[in-house]
Amino acid sequence: MPPEDTWNAVRAFMQRTCGVVLEADQSYLLDARLVPVARRTGHDSVDSYVRAATLPAAPQDLVRTLIDAMTTHETFFFRDPTFWRSFEADILARVFGGKPRPLTIWSAACSTGQEPYTIAMALAECAPDIAPYCTIHATDVSQIAVDYGKAGVYSILEVNRGLNASRMLRHFEQVPGGFRPKPGLRDRIEWRQHNLLGAMPEPSGCDIVMCRNVLIYFNDRDRKEVIQRLHRAAKPGSGFVGVGSTEILTMGTSVTPGWYVAASSVTRAA
Amino acid sequence: MIALVVDDSAVIRHIANKALRAAGWEVQVAADGAAGLAALESMPACDLLLTDWHMPVLDGIDLVRKVRSHERFSALRIVMVSSDAVLESLEAALAAGANDFVMKPFTTESLTERIDEVMRAS
């Protein structure tokens with residue numbers, strides 16, 4: 001296939017499987033992202049790899065490599081300090097309403113796990129008595145990213161970003177290959193692959209839902225659907241939905257940049 | 001804001017100097033702990049000390065301890081930078097009086113973000 005056809009095949013695949021919009025002028029990603037994956041999966045060209053991975057009956061492990069390669073995994077611990085200061089100083093107090101209790105929190109599009117671990121650390125620091133009883137659902141469309149997060153071994157470069165020495169000493173242990181959150185944090189998190197537009201139901205009854213820096217990758221129609229699902233996952237009228245500090249939702253009630261009280265009711269798609 | 005970068009590696013001194021200047025800092029440098037201490041004592045003001053650990057003449061841990069023993073430098077923020085990527089080293093650095101410890105290798109983005117956090121905490 002000519003390169004533009006290969007790229008269009010990738011674009012169609014990503015739109016079809018997970019709603020991610022890739023632009024026509026991003027074809028440089030073919031070389032940047034798919035050459036090493038093609039090599040690793042035993043294909044002698046990107047074209048051969050893309051053909052194999054986008055077949056209707058393509059092996060799931062091959063499909064996962066393409067989804068993983070073409071989704072953006074940019075994430076780090078305590079990304080966007082303003083967001084986390086709001087979480088710790090404002091949102092948690094609103095959720096507790098004066099009576100701290102175990103929480104259910106969903107980190108949607110958790111990538112390689114830094115966000116759910118950040119949630120666990122923030123709870124351990126702000127609400128140490130109830131943190132051990134909280135549940136954090138960590139999901140991402142990429143199974144490979146979810147597996148990485150669940151293994152939880154982070155390199156020096158990864159922990160350098162967002163974790164000061166005090167937090168490293170408090171929350172991490174040294175293991176072969178890097179640093180891993182301590183069991184008290186890992187035990188709080190339930191990991192699974194989840195497509196925000198897929199047929200599998202999202203978590204429900206969540207006190208807090210986070211979905212940051214992902215909505216930009218959807219078209220308008222799919223973005224609206226995802227936002228409805230995020231609100232449906234939260235407790236109606238009392239749960240909170242958190243997006244990036246500069247992202248704006250059209251559902252729910254804004255309380256502070258990036259944070260919304262969940263809608264009281266969400267129409268379920270027929 | 002004025003920073004002193006102390007490292008026996010010319011490459012690290014250059015990288016840190018460039019990153020800090022890009023972030024608006026005025027920067028002085030020194031190539032070992034003793035020169036760093038002398039520079040600090042002669043500077044009219046200093047807001048941040050960024051120091052390596054393993055250096056000739058006076059190593060970084062001893063530099064931090066000496067700095068912290070002076071009332072004059074009680075408000076000085078100190079960040080250690082080292083390739084000793086073990087949790088025991090982080091603990092030793094904080095115990096000596098450092099405010100943070102950045103493991104090598106680091107990106108300039110991480111370094112400046114961590115410095116911002118240290119300065120914000122002050």
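Naming convention: chains lettered A, B, ... in sequence-line order (proteins, then strands); numbering from 1 in each chain. Not measured: the values here are computed from a predicted model.
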Asker: Give, as side chain, backbone, both or neither, the part of B:Val86 having an atom under 4.5 angstrom from any heavy atom of chain A.
Answerer: both

Asker: Quick one: does A:Pro81's side chain get under 4.5 Å of B:Arg120's, heavy atoms only?
Answerer: yes

Asker: How long is the straight-line distance from CD of B:Glu88 back to CG of A:Leu169, given to the nearest 0.5 Å?
Answerer: 9.0 Å

Asker: Any heavy-atom pair between the side chains of B:Glu109 and A:Phe76 that's under 4.5 Å?
Answerer: no

Asker: Has A:Lys150 got more than 12 heavy atoms of other residues, nucleotides or ligands less than 6.0 Å from its NZ?
Answerer: no

Asker: Does atom CG of A:Leu29 have more than 12 heavy-atom neighbours from other groups under 6.0 Å away?
Answerer: yes

Asker: So, for B:Ala85 and A:Gln174, which heavy atoms are closest and what is the spacing to 0.1 Å?
Answerer: O-NE2, 2.8 Å

Asker: Which atoms of A:Ser155 are under 4.5 Å from chain B, going by heavy atoms: the side chain, the backbone, both sets, or neither?
Answerer: neither

Asker: By a 4.5 Å heavy-atom criterion (distance strictly below it), what part of B:Glu117 contacts chain A: side chain, backbone, both, or neither?
Answerer: side chain

Asker: Which of the residues B:Asn99, B:Leu87, B:Asp100 is involved in the greatest number of heavy-atom pairs with chain A at under 4.5 angstrom?
Answerer: B:Leu87

Asker: Do you know the tightest heavy-atom contact between A:Ser166 and B:Leu94?
Answerer: OG-CD1, 3.8 Å

Asker: Do the side chain of A:Asn160 and the main chain of B:Thr107 share a donor and acceptor less than 3.5 angstrom apart?
Answerer: no

Asker: What residues form a side-chain hydrogen bond (donor to acceptor under 3.5 Å, both in side chains) with B:Asn17, not counting sequence neighbours?
Answerer: B:Arg21

Asker: Should the heavy atoms of other residues, nucleotides or ligands under 6.0 Å from NE2 of B:His14 be counted, would the total exceed 12?
Answerer: no

Asker: Flag yes if more than 12 heavy atoms outside B:Glu91 fall under 6.0 Å of its CD atom; otherwise flag no.
Answerer: no

Asker: Does B:Glu26 CD have over 12 foreign heavy atoms under 6.0 Å away?
Answerer: no

Asker: Do B:Arg114 side-chain atoms and A:Leu163 backbone N/O form a donor-acceptor pair below 3.5 Å?
Answerer: yes

Asker: Find the distance between CE (A:Met168) and CG (B:Leu90) and round it off to the nearest 0.5 Å.
Answerer: 6.5 Å

Asker: Can you name the closest pair of heavy atoms from A:Ile156 and B:Pro105 and give their distance?
Answerer: CG2-O, 3.6 Å

